2 protein chains.
Amino acid sequence: MASFREQKIAKKKQEILRSAAAVLAEKGYHGTTMEEIAAQLLMTKGSMYYYFKNKDDILYHCHQMIMELSLEKIEEVVNSDDNPIEKLESAIKAHILLSISEKSMFMIMDRPYQKFTDEQLKEVLDARRNYAHYFDKIIKEGMEKQVFENVDPKMVRMIILGAINYIQQWYNQNGPNTDEEIADSYATNLLKMVVKKK
Amino acid sequence: MASFREQKIAKKKQEILRSAAAVLAEKGYHGTTMEEIAAQLLMTKGSMYYYFKNKDDILYHCHQMIMELSLEKIEEVVNSDDNPIEKLESAIKAHILLSISEKSMFMIMDRPYQKFTDEQLKEVLDARRNYAHYFDKIIKEGMEKQVFENVDPKMVRMIILGAINYIQQWYNQNGPNTDEEIADSYATNLLKMVVKKK
DNA sequence: TTATATTTTTACTATTAGTTTAAATAGTAG
DNA sequence: CTACTATTTAAACTAATAGTAAAAATATAA
């Protein structure tokens, strides 16, 4: 039974993670103090240790949260009945929209090997490999079904992931383009790399 | 007269920057101590302060160094007599090859606003705007000369820069592809986004 | 060789941050 | 109201580090 109390704690943890991600994204991992994380929630840093083991642990759970969300989305796309062109387009757009709406979380996910060791690092890298693999799967499917040109799936995947993850670096809430426009433009342009011309 | 002594100091500074970049790239800015930077050079941290004002200053000069190199390269490309297709190809390849050969330097250039303030931040951002501008120039030239499709130059530039800067994240000296193969593959695929098909 | 300038090391300071602990407060069931 | 539990706080502890300054070592030149 997920008791009332357990639910309450889970909710509080989520709150802490969201708030922490915002500070961590702005100041960087080592640049952020536990006090800052706590202050933003009107708590004291001691309280943080009631909910999380330590600073690493907070970052790790941020990773977990966003990796789960990302994997869910792409699995849905991969398992759909769409053709590879539509799948690749959906995968790109979904990733972009998620990375914009969860900008802070995505921003703190760089260089995991600088922040984690052992078990945690393994988990993170596995999840990423997994995610990348789904992209490869779509690209290969497109090639098999002759709707994509013959390309090196790994290279194309790296180009796509690099391009879409870079958006966090320049995205601005008040910029001239809506999120959808950005997602559309990226998808359209990136698809031109692989889709066969008649 | 750039005296003998001044040259010696300049050389030593370069040595420190290169070595520092390697440590900074591996451990991150806040994760690297002045002592570690010094130790790798078989020096003590006191000496570091003889050559550089402080830790920021070291990072800043790393930035300067690589930005100068990058700008030189792209200016050369932009001012050449090549057609826009060749220019874009050269710009992409040059950036990739430089970012691989100077991997550490490039890796420490992320999130400048987390590391610099005021004057230094301004310098860094200006140089980047400048660099980005050259890409836009090539893209616009290609559109004017009707060899590129009609695209949003900013979006295409962001896609390209994101893709090529991501290489540092996965590049491995001992990987299956040579640097040239990577550069070729990236250039070929990225150009497909813009080059008009007959 | 001696005097001077440059470079490096050593020792120190002050600060800061992550974590732990014990005490205080709030909440709840009987 | 009471006793117990859960949560939060504040203080204390530890370890680490950026930066400084003066002394020591080394190189240079007269």
Side-chain angles (χ1 to χ4, degrees), chain A residues 1-63 108 114-118 120, chain B residues 1-63 108 114-118 120:
Chain A
M1 37 161 175
S3 71
F4 183 65
R5 204 189 114 236
E6 276 164 343
Q7 283 185 304
K8 221 178 108 189
I9 286 203
K11 194 185 156 201
K12 189 99 190 195
K13 281 188 178 179
Q14 289 261 334
E15 243 178 83
I16 294 175
L17 290 181
R18 293 210 155 273
S19 177
V23 191
L24 290 166
E26 197 195 318
K27 308 212 170 193
Y29 181 66
H30 291 288
T32 301
T33 69
M34 291 295 277
E35 237 155 8
E36 285 168 326
I37 293 174
Q40 172 142 316
L41 289 153
L42 304 179
M43 299 171 90
T44 55
K45 67 174 167 176
S47 314
M48 297 296 109
Y49 290 87
Y50 181 74
Y51 293 99
F52 294 97
K53 238 177 71 234
N54 53 33
K55 200 174 161 188
D56 276 18
D57 199 36
I58 292 177
L59 188 72
Y60 177 66
H61 281 94
C62 285
H63 269 74
I108 61 182
Q114 274 179 12
K115 296 152 182 166
F116 302 119
T117 52
D118 311 323
Q120 289 181 332
Chain B
M1 41 169 173
S3 71
F4 183 67
R5 204 189 112 236
E6 275 165 343
Q7 282 185 305
K8 225 178 105 188
I9 287 202
K11 194 186 154 198
K12 190 100 190 191
K13 281 188 179 179
Q14 289 260 335
E15 243 178 83
I16 294 175
L17 290 181
R18 292 209 158 272
S19 177
V23 191
L24 289 166
E26 198 195 317
K27 307 209 169 193
Y29 181 67
H30 290 288
T32 302
T33 70
M34 290 296 277
E35 242 156 6
E36 283 169 326
I37 292 174
Q40 171 141 318
L41 288 152
L42 303 179
M43 299 170 91
T44 53
K45 73 170 167 176
S47 314
M48 296 296 110
Y49 289 90
Y50 181 73
Y51 293 99
F52 293 97
K53 240 177 68 232
N54 52 35
K55 201 173 158 188
D56 276 17
D57 199 35
I58 292 177
L59 188 72
Y60 177 65
H61 281 95
C62 285
H63 269 74
I108 62 182
Q114 274 178 13
K115 295 151 182 167
F116 302 119
T117 54
D118 312 321
Q120 289 182 330

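For the numbers below, each heavy atom of this structure counts, side chains included, while hydrogens, waters and symmetry mates do not. All values derive from a computational prediction rather than experimental measurement. First the proteins, then the strands, lettered A, B, ... as listed; each starts at 1.
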* How far apart are the C-alpha atoms of A:K13 and A:H61, what are their side-chain angles, what is the distance that settles it, and do they pass the side-chain contact (heavy atoms from CB on, under 4.5 Å) test? -> CA-CA 9 Å; A:K13 281 188 178 179; A:H61 281 94; over 6 Å; no
* Asked: For residues 32-41 of chain A, which residues have at least one heavy atom under 4.0 Å from DNA chain C?
  -> A:T32, A:T33, A:M34
* Structure fact -> A:I58 atom CD1 is separated from C:dG18 atom P, nearest whole Å, by 10 Å
* **Donor-acceptor pair, side chain of B:K45 and main chain of B:T33, under 3.5 angstrom** => no
* Contact state string [nucleotides 20-30 of chain D, B base, S sugar-phosphate only, - no protein heavy atom under 4.0 Å] -> B----------
* Would you kindly give the CD1-to-C1' distance between A:I9 and D:dT8, to the nearest whole Å? => 13 Å
* To do: Indicate yes or no for a side-chain donor-acceptor contact from A:Q40 to the backbone of A:I16 under 3.5 Å, with no hydrogens or angles considered.
  => no
* Report which part of the nucleic acid A:F52 touches: base, sugar-phosphate, or nothing (heavy-atom distance under 4.0 Å, all strands). => nothing
* So, the side chain of B:Y29 versus the backbone of A:H30: is there a donor-acceptor pair under 3.5 Å, distance only? -> no
* Asked: Rounded to whole angstroms, how far apart are CE on A:M48 and C1' on D:dA10?
  -> 14 Å
* Structure fact -> Between B:I108 and B:C62 the two heavy atoms that sit nearest each other are CD1-CB, 3.8 Å
* So, for A:M43 and A:K12, which heavy atoms are closest and what is the spacing to 0.1 Å? -> CE-CE, 3.7 Å
* CD of B:E35: more than 12 outside heavy atoms within 6.0 angstrom? -> no
* Can you find a side chain N or O atom of B:T44 that sits less than 4.0 Å from OP1 or OP2 on C:dT8? -> no
* To do: Go through B:Q120 and B:L59 one step at a time and tell me if the side-chain contact (heavy atoms from CB on, under 4.5 Å) criterion holds.
  => CA-CA 10 Å; B:Q120 289 182 330; B:L59 188 72; over 6 Å; no
* Would you say B:M34 and B:I58 make side-chain contact, with heavy atoms under 4.5 Å? -> yes
* Asked: Please give, in whole Å, the distance from D:dA18 P to A:H30 NE2?
  -> 12 Å
* Starting at OH of B:Y51 and ending at P of D:dA18, how long is that distance when rounded to a whole Å? -> 20 Å
* OH of B:Y50 versus P of C:dT8: gap in Å, rounded? -> 8 Å
* Asked: Tell me: NZ of B:K11 to P of C:dT6, nearest whole Å?
  -> 19 Å
* How many Å lie between CD1 on A:I16 and C1' on D:dT7, as a whole number? -> 12 Å
* Asked: Phosphate oxygens OP1/OP2 of C:dT7: is one of them under 4.0 Å from a side-chain N or O of B:S47?
  -> no
